[in-house]
Number of protein chains: 2
Amino acid sequence: MSIMISTTEENYLKAIFKLSEKKEGSVNTNAIAQELNTAAASVTEMIKRMAKKGLIHYESYKGTRLSKKGDKIARNLIRKHRLWECFLYEHLEFSWGEVHDIAEQLEHIKSEELVNRLDSYLDFPRFDPHGDPIPDANGNIQERKQQPLFNLKKGMKGVVTGVKEHTKPFLTYLDQLKITLGSEIEVIEFNKYDDSIKILNNKVEQLITQKVAKNIFIEVINTN
Amino acid sequence: MSIMISTTEENYLKAIFKLSEKKEGSVNTNAIAQELNTAAASVTEMIKRMAKKGLIHYESYKGTRLSKKGDKIARNLIRKHRLWECFLYEHLEFSWGEVHDIAEQLEHIKSEELVNRLDSYLDFPRFDPHGDPIPDANGNIQERKQQPLFNLKKGMKGVVTGVKEHTKPFLTYLDQLKITLGSEIEVIEFNKYDDSIKILNNKVEQLITQKVAKNIFIEVINTN
DNA sequence: AAATATTTTTAGGTTATCCTAAAAATATTT
DNA sequence: AAATATTTTTAGGATAACCTAAAAATATTT
Ligand SMILES: [Mn+2]
Ligand SMILES: [Mn+2]
Ligand SMILES: [Mn+2]
Ligand SMILES: [Mn+2]
């Protein structure tokens, strides 16, 4: 059989992929350690072994990059993760705050056939319950032209297309605010005193904090 | 959190449960080793650790029994396994020969909520695609009054309710023979010469070998 | 450029799980 | 009951992942 990849290795690949998205070039050992909640020494050891296996490129003191092979696996993991999130959300009626932790386990199930049938069963969704794009079977990820709500100017309008933070407390809080994917938001006013923002959420006036505004992604509607 | 149980430990629990079903009393170290394809020495070591954790009862040279706790976990694993098989079979259109290996992975996903929602989503199925009963949330398993086709006498009739062997080759072969759960079988004749059996499968005459007849479970229809 | 701080690696250990070979206990034959 | 066979355990190792503390390399300040 093809080289076996452990769940741990898969988590390293995902972490490196995620960190590579943010910063060009190679990924620091410490960054991986932080992302995975492990000691830096453990990361050094692990990435050496993974480099030997051809999953990553690694040079002492210089950092780590995914190899072609590692990149492909990482994208497939993200694909599986997000497809499972769709399944949990749409068919098992979990909330968007609950799906991530379970998908974190499900993404490691190994069966090419399973992912593709799941994809087809879900009718080839393009975005997961958090608005994140689902890589296709070739690993292509379609990027969106969204930006944090916080970046809008007074008077601008848009639709909620995603969230930056994926934690349960944040998502539950958005539920309380009735802010969901698809919500139509208009920025009424930035309050200089406490940095809060007055918005219109589906025609209803609301106040949100800066912290929240930075974690909501908006696709701006051209208002000509 | 409650004591963490590894996938390996879960597989030991399932193996011990399965072996306990066949033979009363305690389970031999060698039997577990065979069931799990590991060396007997590894089993000895593992079960000592599991006994310390309260998952099993173990006495040197005497054998192993599941504890209350271990038994509960084993039943829940079987419940999960069979529910996932239903999902794969009914919703993702896998064949009954394909579902087992994937369910073998899925059964280790940890989320009480997930199993119960899956159960409800599948509309509380009582049997899996192989005709095996699905334990309820309390671990109760409903037994069936079925017997191997091989045990029927000439002229007896029944319905296929299960299979003893779960391998892909066997199940694919049954597909070829058009023998499925629910097939109506009548025994026409036992051929003494080669031990083959002539049957009527949904009104069609067929010949099956002893090996096949021993691996098909039938619920006999009273023909008064 | 030297001194200081930060990052990364190395050294030395641990735990879970597995293995083979040898020893000990138990079961079966004679 | 002795001899033989089988089963189970112990002894001694291996590997994958982790960890802490110390050493080495690299980056940032002075
Ligand atoms: Mn997620
Ligand atoms: Mn997501
Ligand atoms: Mn199965
Ligand atoms: Mn089954």
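All of these numbers come straight from a predicted model, not from anything done at the bench. Here is the naming used below: chain letters follow the sequence lines, and residue numbers restart at 1 for every chain. No hydrogens, no waters, no symmetry mates; every other heavy atom, side chains included, goes into these values.
The pairing partner recorded for dA1(C) is dT30(D), the criterion being a Watson-Crick or G-U wobble arrangement whose two distances lie under 3.5 angstrom. Base pairing of dA16(D) is made with dT15(C), judged by Watson-Crick or G-U wobble geometry with both donor-acceptor distances under 3.5 Å. Pairing for dA22(C) is with dT9(D), a Watson-Crick or G-U wobble pair whose two hydrogen-bonding atom distances lie under 3.5 Å.
Nucleic acid contact class of T29(B) (heavy atoms, under 4.0 Å, all strands): sugar-phosphate only.
The nearest whole Å value for the distance from the CG atom in N37(A) to the C1' atom in dC19(D) is 14 Å. The distance from atom CG of L36(B) to atom C1' of dA16(C) is 15 Å, rounded to the nearest whole Å. Taking atom NZ of K52(A) as the reference point, atom P of dT15(D) lies 12 Å away to the nearest angstrom. Look at CG on N11(A): it is 9 Å from P on dC18(D), rounded to the nearest Å. Separating the CE atom of M50(B) from the C1' atom of dT17(C) is a distance of 13 Å, rounded to the nearest angstrom. Atoms CD1 (I47(B)) and P (dC18(C)) sit 13 Å apart, rounded to a whole Å. Atom NZ of K53(B) and atom P of dT15(C) are 14 Å apart (whole Å). Atom NZ in K62(B) sits about 23 Å away from atom P in dT6(D), given to the nearest Å.
Distances shown here put every side-chain N or O of K48(A) at or beyond 4.0 Å from the OP1 or OP2 atom of dT9(C). Within the structure, a side-chain polar atom (N or O) of Y12(A) is placed less than 4.0 Å from OP1 or OP2 of dC18(D). Side-chain N/O atoms of T44(A) include one lying less than 4.0 angstrom from OP1 or OP2 on dT9(C). Put simply, T38(B) has no side-chain N or O that comes within less than 4.0 Å of OP1 or OP2 on dC18(C). Of the side-chain N and O atoms in N28(B), one or more sit less than 4.0 angstrom from OP1 or OP2 of dT8(D). N30(B) has no side-chain polar atom (N or O) that falls below the 4.0 Å cut-off from OP1 or OP2 of dT6(D). For the OP1/OP2 pair of dA16(D) and a distance below 4.0 Å, the side-chain nitrogens and oxygens of S6(A) include no atom meeting the criterion. Between dA23(C) and Y61(B), no contact under 4.0 Å exists linking OP1 or OP2 to a side-chain N or O. Taking only side-chain nitrogens and oxygens, T8(A) never comes nearer than 4.0 Å to OP1 or OP2 of dA16(D).
Ring centers of H130(B) and H100(B): at least 6.0 Å apart, outside the cut-off.
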* Should K69(B) and I3(B) be marked as a side-chain contact (heavy atoms from CB on, under 4.5 Å) after you check the CA-CA gap, both sets of side-chain angles, and the distance that decides it? -> CA-CA 11 Å; K69(B) 194 157 112 194; I3(B) 302 136; 3.5 Å; yes

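In summary, the side chains of R79(B) and N138(B) do not present any donor paired with an acceptor at a separation below 3.5 Å, with no hydrogens or angles considered.
Judged by the 6.0 Å distance and 45° axis criteria, R144(A) is not positioned over the aromatic ring of F217(A).
Both R49(A) and E45(B) sit near DNA chain D, but only E45(B) has its closest nucleotide nearer the 5' end.
Electrostatic pairing of E35(B) and K14(B) does not count as a salt bridge here, judged by no charged N lying under 4.0 Å from a carboxylate O. Using a cutoff of 4.0 Å between basic side-chain nitrogens and carboxylate oxygens, K80(B) and E85(B) are not scored as salt-bridged.
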